[in-house]
Amino acid sequence: MTVTLVVLGPTLVVLTFLAITLRGASEDLGWLRVVLLADLVYILAIAALVVRRLTRMVAARRARSAGSQLHLRLTGVFTGIALIPTVLTAVFATITINVGLEGWFSDRVRSALGNSVEAAQAYAQEHRDGLTQDARALAGYLDLAKRASLGTSGGGTLADGELRQILAQGQEQIQRGLEEAFVIDGTGAIRARGEGSYLFDFEEVTDTQIGQARDGAIVLIEDKEINEFRILLQLSAYQDRFLYVTRTVDGDLLQLLDQTQATAQLYQQLERDRGRLLFEFGLLYVGFALILILAATWAGLWFAERLSRPVGRLAGAAQRVGQGDLSVRVKEEAGDDEIAMLGRIFNQMTRQLKGQRDALVETNTQTERRRRLFDSVLGSVTAGVIGLDPEGRIDFMNRSAQRLLALEGERYGLLLNDVVPEYAGLWARLQASGAETEQEEIRVARGGKLESLLVRIATRPGLDGAPEGYVVAFDDVTELVSAQRMAAWGDVARRIAHEIKNPLTPIQLSAERVNRRFGRELSEESAAKLAELTGVIVRQTNDLRRIVDEFSKFARMPEPERQRGDLAHLLRETVTLQRPALEPVELLDDIPAGKVMGEFDPTMMRQAFTNLIKNAGEAIETREERDETPFAKQVSVVLSANGSHLEVRISDTGIGLPQDRARLFEPYVTTRDKGTGLGLPIVKKIIEEHGGTLDLRDAEPGADGHRGAEAVIRLPRIEES
């Protein structure tokens, strides 16, 4: 349809031109009307199609459909290519025609055409005047001859034979000569013929012409078909006789005269219709141009759509590919041009990409399964694991590593030495030695706590043997080290208690006996001195016995005799007993009023609570001795039930905890000048024997921002029956 419409446009232009140029002046205008009607129908149809297509293009452009912008741009280019030359040609043609018409209607052309007409008319008039004079002269000659005849014969008439002779004589006397001369009557019949006048050359005279001559007029007859001028006039001396003479003229000059007059009339008509001609020409040109422009526009729209449609499909498909849909395919155009090849190559590319993506997805799925398994395994182990790249930057860290090192958030891409400076020495030793593994126990301080970590760094060899990374594995061995030390101290305590306790009683008895035996024999001064020295021995022996008893308790802690009881009641009794002992330190408590049931040994648990409250009071005394700044002296005891556990918090505003707080549970490790260092290890043993835990941490900051110590005890809880 597009090809038909495009070809039909120039065809209608040619038909319209032929219908206008080849029609005659008097021909029927039906064919021209049909052609013009076809032109109008074509213009309306193409205009409607163009408007419809443009509307669809604008709607597609507003909807931002793929290829719409390119389609609109190509249409504009093709329309401009068709429109601009047409407009320029119209302007140039109008100017050229106007200039040409100015040359046609110039004064010189007008003057030359007028002179030609005047010359031809002068020639014709000369012949008319000469023939008229000759006819009048011949008629006068005949009239004179008639009158002379009347005077001679006394009133007789001339016969037709005599008249012929007189006519011939008179014809010879005419200066320019006459081709033919006839004398006719009122009916047009010949009465006399002159010299060279023949019947076969006689042209009959009409009654109208005879009537005009009878009225006294000289009738001039111009017969341009046979190139003759004829004059008919009445002979006044004769009754009902008319002179009828002819003269031959140059037919080319007469024809030239007619053509010149017709040309002059046409020139004048064209000059009068000059504006109308320009308007008609412009209108005709606009019609032709409109047909051609619409045909070219429709061709441009069709061609632009043919170009932009595959490109638009490719753009839409590429957009879907960008969104991840690799199953999209475009319609492959027929042919072997670049656009058709582009569609085939695009489909081939998407098929290959889909295959590669499916393979990658499958590989990624397997990798993800392995990674989840790897993360699950590493996340479930209690040891910390850190993966390093060859430069020592972190590329993996499990949750245990973050917990042990008290790290928040990811630290990927950072150097191990910057994240954990304590590992720098071990890392440097591994790099310097070139060994596959290095191991060391490293003490790390995090959150105010000093912990012992057993760290092992291993090399991950690559396929070429060069290190492709490193694995750092570490675990918290603080409890293990503490347990080993506690076990060692327990063994030492048993040995010391056994070795020291036995000689203490004999030493004490011997000192007392020496004092009694020799005190009476010595002078009073010497006896006093002896009593003082033996008293020192007895007192020191008692101190050693007390230490040995504590060692014995630490070394051989008796099994707790657990029984159901109200832990809240036990704790209230302990607080009540310790409140007077701690004065002026304020002892606060937050203990539920109801029963809080648990299984415990009341004696051992009372000992543990008492020891912790006394330690809190002594920590406040130590701070008071070291810091003269006034502060709130408070010890707080809180009991709460959290799920399946009972939690007892004993906090103070004292001196606080040291960084290496894990060693506080070792024997003879204390922060007080007068402490033995056995209280906390005994309390820890009591709590652990009851299936609970004891944790030392920094208390909440007070009004002055200072953090004291807080002991947190967690014990199993039982439901009240």
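Keep in mind the model is a prediction, meaning the values are calculated, not measured. Residues: numbered from 1 along the sequence shown.
With contacts defined as side-chain heavy-atom distances shorter than 4.5 Å, the pair Asn611/Ile686 does not qualify. Counting only heavy atoms from C-beta outward, the side chains of Arg649 and Arg697 approach each other to under 4.5 Å. Side-chain contact check for Ser651 versus Ser636: some heavy-atom pair is nearer than 4.5 Å. Looking only at side-chain heavy atoms (C-beta outward), Pro421 and Tyr423 stay at 4.5 Å or farther from each other. You'll find the side chain of Leu453 stays beyond 4.5 Å of the side chain of Glu422, heavy atoms only. Here the side chains of Tyr470 and Leu416 are not in contact, with every heavy-atom distance at 4.5 Å or above. Inter-residue side-chain proximity for His645 and Arg717 is flagged as unmet; no heavy-atom pair is nearer than 4.5 Å. You'll find the side chain of Ile394 stays beyond 4.5 Å of the side chain of Val472, heavy atoms only.
Ion pairing between Glu618 and Lys614 fails under the 4.0 Å rule for side-chain N and carboxylate O.
Although no hydrogens or angles enter the test, the distance criterion places no donor-acceptor pair under 3.5 Å between the side chain of Ser400 and the main chain of Gly384. No side-chain donor-acceptor contact under 3.5 Å links Asp601 to the backbone of His690. Between the side chain of Arg707 and the main chain of Leu657, no donor-acceptor pair closer than 3.5 Å is present. At least one donor-acceptor pair closer than 3.5 Å links the side chain of Arg572 to the backbone N or O of Pro592. At least one donor-acceptor pair closer than 3.5 Å links the side chain of Arg393 to the backbone N or O of Gly413. Side chain of His569 to main chain of Val596: no donor-acceptor pair is present (N/O by atom type, distance under 3.5 Å, no hydrogens or angles). A distance-only check finds a donor-acceptor pair linking the side chain of Arg623 to the backbone of Thr653 [under 3.5 Å]. A distance-only check finds a donor-acceptor pair linking the side chain of Arg579 to the backbone of Leu587 [under 3.5 Å].
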Q) Can you list the steps and then say if Leu570 with Phe600 is a side chain to side chain contact (heavy atoms under 4.5 Å, CB included)? A) CA-CA 10 Å; Leu570 176 65; Phe600 53 89; 3.5 Å; yes
Q) Stepwise, does the side chain to side chain contact (heavy atoms under 4.5 Å, CB included) test hold for Glu440 with Val455? A) CA-CA 5 Å; Glu440 182 182 351; Val455 185; 5.7 Å; no
Q) Would Gln578 and Val635 count as a side chain to side chain contact (heavy atoms under 4.5 Å, CB included) if you check the C-alpha gap in whole Å, the side-chain angles of each, and the deciding distance to 0.1 Å? A) CA-CA 11 Å; Gln578 293 298 320; Val635 175; over 6 Å; no
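When all heavy atoms are compared, the tightest approach of Leu646 to Pro716 is CD1-O, 4.1 Å. Listed here is the closest heavy atom pair of Asp395 and Arg460: OD2-NH2, 4.4 Å. Contact detail for Ala383 and Asn398: the closest heavy-atom pair is O-ND2, 3.1 Å. Considering every non-hydrogen atom in both Ala568 and Gly594, the closest pair reads CB-O, 3.8 Å. Counting all heavy atoms, side chain and backbone alike, Ser433 lies closest to Glu438 at OG-OE2, 3.3 Å. The two residues Thr459 and Pro467 come nearest to each other via the heavy atoms CG2-CB, 3.7 Å.
From Leu588, atom CG reaches atom CG of Asp652 across 12.0 Å, with rounding to the nearest 0.5 Å. Distance CG/Leu582 to CG/Leu577: 11.0 Å, rounded to 0.5 Å. Thr574 contributes atom OG1, which lies 11.0 Å from atom CG of Asp589 (distance to the nearest 0.5 angstrom). Note that CD of Gln439 is 10.5 Å distant from CD1 of Ile457, once rounded to the nearest 0.5 Å. Once rounded to the nearest 0.5 Å, the distance linking CG of Leu426 with CD1 of Ile442 reads 5.0 Å. The line from CD1 of Ile687 to CG of Leu612 is 7.0 Å long, rounded to the nearest 0.5 Å.
When the shell of 6.0 Å around CZ of Arg456 is examined, it contains 12 or fewer heavy atoms from other residues, nucleotides or ligands. Residue Glu436 qualifies as open at atom CD: its count of foreign heavy atoms under 6.0 Å is 12 or below. For Glu700, the CD atom sits in a loose shell: 12 or fewer heavy atoms of surrounding residues, nucleotides or ligands are nearer than 6.0 Å. Crowding of Arg403 atom CZ: a count of heavy atoms from other residues, nucleotides or ligands under 6.0 Å exceeding 12.
In this view, Phe609 satisfies the ring-ring contact (aromatic ring centres under 6.0 Å, His included) rule with no residue, not counting sequence neighbours.
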